[in-house]
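Comments concern the structure below.
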Amino acid sequence: SSTCDLAEPVPSDINATIENELLVSVNNGKFYIDSGAGPELTPVLNLERNKTYVLNQNDSSNKNHPLILGESGEGNYFHRGVSYMLDGTSVSLATYLSNFTTSSDRKVRITVGIDSCSFQTIHYWCNNHSGMGIGGYLNIIDNSIASPSVSTPSVPSTPSVSTPSVPSTPSVSTPSV
């Protein structure tokens, strides 16, 4: 069993194929995330392990609301597999937070489940305002759970039983007198 240092940066693979870009907006002090079906209020999002996702905060409603990922709601920053991106460049969390409002291209890129320090649940929130992500989180699922396959075991065929053949009794003829 190994221990994990959550503060140790293990960035997302910048060259990995992006599985889905999720659009983030803010309305009435809450995060809304659009995963393709329209914006949802602080949703629970299922992300497949070993795939890369981007939380896109380019909408102007995000201007003072940097979305942060953590092990628990509004605490314990999560860095494993995460790259904070400003204007197309991966930056430190401190730089992301200090330059968030002045950047035009703001994204959080995450490759989930890339090592033994991975969690099943990752929370998101606004670094500047409490309660913006309450109830929402990223649920990390295994690929096998996302698309289960069912296999039916094969039943061995019934062996055939053969009856041994009995040699025929030789006929005995009686000589006639």
Side-chain angles (χ1 to χ4, degrees), residues 4-115 117-142 145-146:
C4 299
D5 180 1
L6 296 180
E8 177 190 332
V10 177
S12 171
D13 179 359
I14 299 302
N15 298 316
T17 301
I18 296 171
E19 202 62 36
N20 200 349
E21 187 155 337
L22 309 166
L23 303 177
V24 180
S25 59
V26 174
N27 191 3
N28 292 323
K30 300 288 183 199
F31 280 123
Y32 284 76
I33 300 179
D34 185 348
S35 61
E40 294 179 61
L41 173 63
T42 60
V44 172
L45 299 168
N46 289 323
L47 305 185
E48 286 185 55
R49 193 173 302 284
N50 298 317
K51 294 196 176 178
T52 300
Y53 299 85
V54 169
L55 295 158
N56 179 326
Q57 286 197 272
N58 290 341
D59 186 85
S60 62
S61 64
N62 288 287
K63 187 155 177 95
N64 196 29
H65 306 292
L67 183 141
I68 300 298
L69 301 178
E71 178 186 354
S72 59
E74 301 195 14
N76 298 324
Y77 294 132
F78 190 85
H79 298 277
R80 313 263 330 154
V82 176
S83 291
Y84 292 97
M85 313 281 294
L86 292 176
D87 297 322
T89 302
S90 180
V91 296
S92 69
L93 177 59
T95 300
Y96 177 77
L97 295 174
S98 65
N99 295 322
F100 186 84
T101 58
T102 60
S103 299
S104 59
D105 185 26
R106 303 174 298 251
K107 297 178 181 177
V108 178
R109 183 181 178 114
I110 179 169
T111 301
V112 294
I114 62 172
D115 61 25
C117 296
S118 300
F119 291 88
Q120 188 67 30
T121 302
I122 299 172
H123 296 267
Y124 58 86
W125 69 90
C126 174
N127 190 70
N128 297 339
H129 305 97
S130 179
M132 288 188 62
I134 295 296
Y137 59 90
L138 309 176
N139 184 39
I140 310 308
I141 59 175
D142 291 321
I145 293 172

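Side-chain contact check for Trp125 versus Ile134: every heavy-atom pair is 4.5 Å or farther apart. Within the 4.5 Å cutoff, the side chain of Gln57 has no heavy atoms near those of the Val26 side chain. Proximity of Ile68 to Leu93: side-chain heavy atoms (C-beta onward) are separated by under 4.5 Å at one or more points. Using a 4.5 Å heavy-atom cutoff, the side chains of Asn58 and Ser104 are not in contact.
Here the side chain of Lys30 pairs a donor or acceptor atom with the backbone of Gly131 at under 3.5 angstrom. With hydrogens and angles ignored, the 3.5 Å screen pairs a side-chain donor or acceptor of Asn62 with a backbone N or O of Val24. Side-chain atoms of Tyr53 come within 3.5 Å of backbone N or O of Glu48 as a donor-acceptor pair.
Between Tyr96 and Pro66, the shortest heavy-atom distance links the atoms CE2-CB, 4.0 Å. Met132 and Gly29 get closest at one heavy-atom pair: CG-O, 3.0 Å. Closest of all the heavy-atom pairs between Ile33 and Pro43 is CB-CG, 3.9 Å. Of all non-hydrogen atoms in Pro39 and Tyr32, the two that sit nearest each other are CB-CB, 4.0 Å.
Rounding to the nearest 0.5 angstrom, the gap separating the CG atom in Leu55 from the CD1 atom in Ile110 is 7.5 Å. How far CG of Leu138 is from CG of Leu47: 5.0 Å, rounded to the nearest 0.5 Å. The OG atom of Ser35 sits 13.0 Å away from the CD atom of Glu21 when rounded to the nearest 0.5 Å. Rounded to the nearest 0.5 Å, atoms CG (Leu69) and CG (Leu67) are 6.0 Å apart. Atom CG of Asn46 sits about 4.5 Å away from atom CD1 of Ile141, to the nearest 0.5 Å. One distance of note links CE of Met85 with OG of Ser103; it measures 11.5 Å at 0.5 Å rounding.
Taking the six-membered ring where the residue is Trp, Phe31 and His65 present perpendicular rings, their angle passing 60° and hence far from 30°.
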Inset, instruction - Apply side-chain contact (heavy atoms from CB on, under 4.5 Å) to Val54 and Val108, showing your working. - result: CA-CA 6 Å; Val54 169; Val108 178; over 6 Å; no

Inset, instruction - Report the C-alpha separation of Ser92 and Thr95 in whole Å, then their side-chain angles, then the decisive distance to 0.1 Å, and conclude whether the side-chain hydrogen bond (donor to acceptor under 3.5 Å, both in side chains) test is met. - result: CA-CA 5 Å; Ser92 69; Thr95 300; 3.0 Å; yes

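Using modelled atom types, one finds no donor on one side chain facing an acceptor on the other under 3.5 Å when comparing Thr89 with Asp87.
Under a cutoff of 6.0 Å and an axis angle of 45°, Arg106 and Phe100 form a cation-pi pair.
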